[in-house]
Participant: 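Below is one structure. I have some questions about it.
Numbered from 1 within each chain, the chains take letters A, B, ... in sequence-line order.
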Amino acid sequence: MGRERVKLEAALLLAPLLLFIATSFVAPIAAMLWRGVSDMEVPRAFPRTLAALADWDGRNLPGDQVFAALADELVAARAAGTLNAAAGRLNSDTPGLRTVVFTTARRLARGVEGSPRAAILAADPAWGEVETWGALRRAGATPTDTHLLAALDLRRSADGTITSVPEEQRVFRAVALRTVWIGLLVTLLCLVLGYPLAAALVFVPRRLFGLLLFAVLLPFWTSLIVRTAAWMVLLAREGIINQAFLALGLVVEPVQMLFTRTAVLVAMVHILLPFMVLPLYAVMRQIPRAQLRAAASLGAGPVAQLVRVWLPQTLPGVGAGALMVFIQAIGFYVTPALIGGGADQMLPYFIGFYATQTVNWGLAAALSILLLVGTLLILALFGRFLSLAQFRAA
Amino acid sequence: MTDPLVRFDHVAKSYDRATLVIPDLSFEVGRGEFLTLLGPSGSGKTTTLMMLAGFEAPDRGRILVEGRDIVRVPAHKRNIGVVFQSYALFPHLTVAQNVAFPLSVRGRPRAEIAERVTSALAMVRLEGLADRRPAQLSGGQQQRVALARALVFQPKLVLMDEPLGALDKQLRTELQAEIRRLHRELGVTIVYVTHDQEEALALSDRIAVFNEGRIRQIGPPQTLYDHPRDPFVASFIGENNRLEGEVVGRDEDGRLAVRLAEGAVVWAEPVDVPPSTRRVLLSVRPERIALAHAEAEDFGAEALAASVVETMFLGDHVRVRVRLADGSLVTVKRPAYPLDARLKPGARVALAWSAKHAIAFPADKADSGRPLVAGHA
Ligand SMILES: Nc1ncnc2c1ncn2[C@@H]1O[C@H](COP(=O)(O)OP(=O)(O)OP(=O)(O)O)[C@@H](O)[C@H]1O
Ligand SMILES: [Mg+2]
């Protein structure tokens, strides 16, 4: 009974935080993700047509009541201004449908002669093909996989099978690969630089330790944008590094450093290095020094002590650090956007691009889902490996 | 010692270049001997052991093993087994891999390693646990693994720094017997560190009593117990009553007549008491004191009168605390009798001891052991 009360009190104390997380974090993300699997434009313009199409067999042309609903809604949507978005959405599914929709709506608006079916078929012969109706029904379906497929450079053809988009239209597979590649490179560089640094933190004398730790933590005290901007200043054509090179006579004209892959890697490694060093340091600090002594007394020289006793026990730290760095790296937006070239942009850049430039929220959301699922997958995989390694170390 | 395995030759050590934690240390360890370094916390036992193991370098002096100075030999080439208080097992390796470690860094063939690991584990009675990890073992089992690991490569010399310090009393007794057995069966030389004097008495061939970086006395347990060379050893090994007194005479065998503060005159064996000394400190073991429920005069000429302060019944014996006329307290330990019920607080009793069980030290030696400062050297 007393314990129940304690639990209740604890829950009440946490309630404001949970509420905050739910409204400011979970709900917006869920809403965003929902956009990745839903379509708003077409259902908003043609609600009755879609309802009538629900039990269409998909092989023959639909029945008269579907034509009637479409005729009404085309005219209504044209008047209400919702037609544009719907036509755009249909066009991204089947190129050319925008014209079909607009032509038909314009003709019908002038007046319908005879049956709606005849009028529509007369307005544009495309309505005589099942493909057109298929596209209409697809664009109205929720949940839909259209955006998710697009995020993987895939699409559904009229008969519903999934195929790759033509070679020249493919973008996202290359972007995804590039994202993973840059993430891996950054992680590897952070490991190569961070491992000796963390080891130094453990082994240096007390006085040096404070200085080193200060240097490691320093980047945490300035914002990410400031640090990125600092790199822009350093790497620019007229920047400090180029001027120094010129002054020293190392180069005869400024080197292009900004907007290159190297610049992106340098800045990202600089920003993410502490996330590698700190977990490593935490693990290394816990390895008792007596173990190295024990190894020495058993006949292990300095190299054997490090390789056979010390290194294996630091692996959980390597895993944790690599995970932290990699997951953050594949989500990097500002740094590549500011100091990378067009070929250095990663998934987050395209999410931003579709969300703000072309207002294709569906695709932006689908790309977000791709990134999120990828991250969770890596987390789950590494999580297994990590807990295993920790179990062994414990 | 004719052919010692280990010899410390005027070794000095400081950690901070100012304070000598070991000012000048010389001693020897015989082949196959079990030598225990015993002393209070901070007396330099671990430092001595670490210099022998090669983890600390002496500032001065030589450390010889089989006649060869090893001061410049790195730890991993000394071939000395070390057992740490914290066990220092490798958590990422199984029990078998831990024990195999010294053989595998020496590049022994696989088959030989397997065979020797098996027999080493059998030796410490851990046959069934070869595939466990250290975290899955009890403290006692972990220390057995550490023992097996330090012995499996057959070093001539094994160092143990409070190996049982982290274990409870029963396990400690059990493992003491085990270490004793291994020492006997393997004929290995062991230098053992503890600050538990009972453990030192139980295990050792010889004990070196440390205080403030110096060996106060080194010898077999019985000698240290019966013939301590100074008051520090007398009170550090076993229990001792200390009584102050004044020399009032000497007999022809050199024994001293000492007048105690409470007035009575008793006889005592002097240890390094110069003829001019007047004030001495008597050391008498509680179990050497006879106690009678009687008036002192009835008990004998040298008997002291006292009154009981408290009596503690401890199963096999009783401890009686009594107060002498001048107020000083004396502890008496003796087998339990039914009549002890009469030893109530306030009861009048008589104490006496044989002259050979009272040891007299010069009183000014009692507080020797000042901080040792380097720089005068
Ligand atoms: N690494 C070190 N740096 C500086 N001083 C040390 C170091 N190790 C030990 N000392 C000092 O040297 C002296 C002897 O220490 P040592 O560890 O040898 O004592 P010990 O007899 O083993 O004590 P304990 O029974 O507590 O283990 C102590 O005064 C201690 O403070
Ligand atoms: Mg110690």
Participant: At a heavy-atom distance under 4.5 Å, which candidate from Ala304(A), Gly301(A), Pro288(A) has the highest pair count against chain B?
Facilitator: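 Option with the top pair count is Gly301(A).
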Participant: Name the region of Ala75(B), side chain, backbone, both or neither, that has any atom closer than 4.5 Å to a heavy atom of chain A.
Facilitator: both
Participant: If I compare all heavy atoms of Val105(B) with all of Leu298(A), which pair ends up nearest, and what's the gap?
Facilitator: CG2-O, 3.6 Å
Participant: What part of Phe55(B) gets within 4.5 angstrom of chain A, counting heavy atoms only: side chain, backbone, both, or neither?
Facilitator: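 Its backbone and side chain both get close to chain A.
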Participant: Return the option, out of Ala290(A), Gly299(A), Pro312(A), with the maximum number of heavy-atom pairs under 4.5 Å with chain B.
Facilitator: Gly299(A)
Participant: Please check if atom CD in Glu127(B) has more than 12 non-hydrogen atoms from other residues, nucleotides or ligands closer than 6.0 Å.
Facilitator: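 It does: Glu127(B) CD has more than 12 such atoms within range.
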Participant: With chain A as the partner, which of Ala146(B), Ala88(B), Gly54(B) has the greatest number of non-hydrogen pairs under 4.5 Å?
Facilitator: Ala88(B)
Participant: Which distance, rounded to the nearest 0.5 Å, do you find between the CZ of Arg293(A) and the CG of Asp161(B)?
Facilitator: 10.0 Å
Participant: Of all the heavy-atom pairs spanning His76(B) and Ala300(A), show the shortest one and how long it is.
Facilitator: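 Between these two residues, the closest heavy atoms are CB-O, 3.2 Å.
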Participant: Checking Arg308(A) against Phe101(B): charged group under 6.0 Å from the ring centre and within 45 degrees of the axis?
Facilitator: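 So Arg308(A) does make the cation-pi contact.
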Participant: Could you look at Leu89(B) and say if it's the side chain, the backbone, both or neither that has a heavy atom under 4.5 Å from chain A?
Facilitator: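 The backbone, not the side chain.
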Participant: Take atom NE2 of His270(A) as the centre, draw a 6.0 Å sphere, and report whether it contains more than 12 heavy atoms from other residues, nucleotides or ligands.
Facilitator: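 Check passes, neighbour count above 12.
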Participant: What closest approach, in Å, do Ser297(A) and Val82(B) show between heavy atoms, and which atom pair accounts for it?
Facilitator: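 Of all heavy-atom pairs spanning Ser297(A) and Val82(B), the closest is CB-CG2, 3.5 Å.
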Participant: Work out which heavy atom in His92(B) is nearest to a heavy atom in Val309(A); give both atom names and the distance.
Facilitator: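 Taking His92(B) first and Val309(A) second, the nearest heavy atoms are CE1-O, 3.5 Å.
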Participant: Identify the two heavy atoms, one from Gln291(A) and one from Phe90(B), that lie closest to each other, and give their separation to 0.1 Å.
Facilitator: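 Scanning both residues completely, I find the closest heavy atoms to be O-CE2, 3.4 Å.
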Participant: Is it the side chain or the backbone of Arg106(B) that comes within 4.5 Å of chain A heavy atoms, both, or neither?
Facilitator: side chain
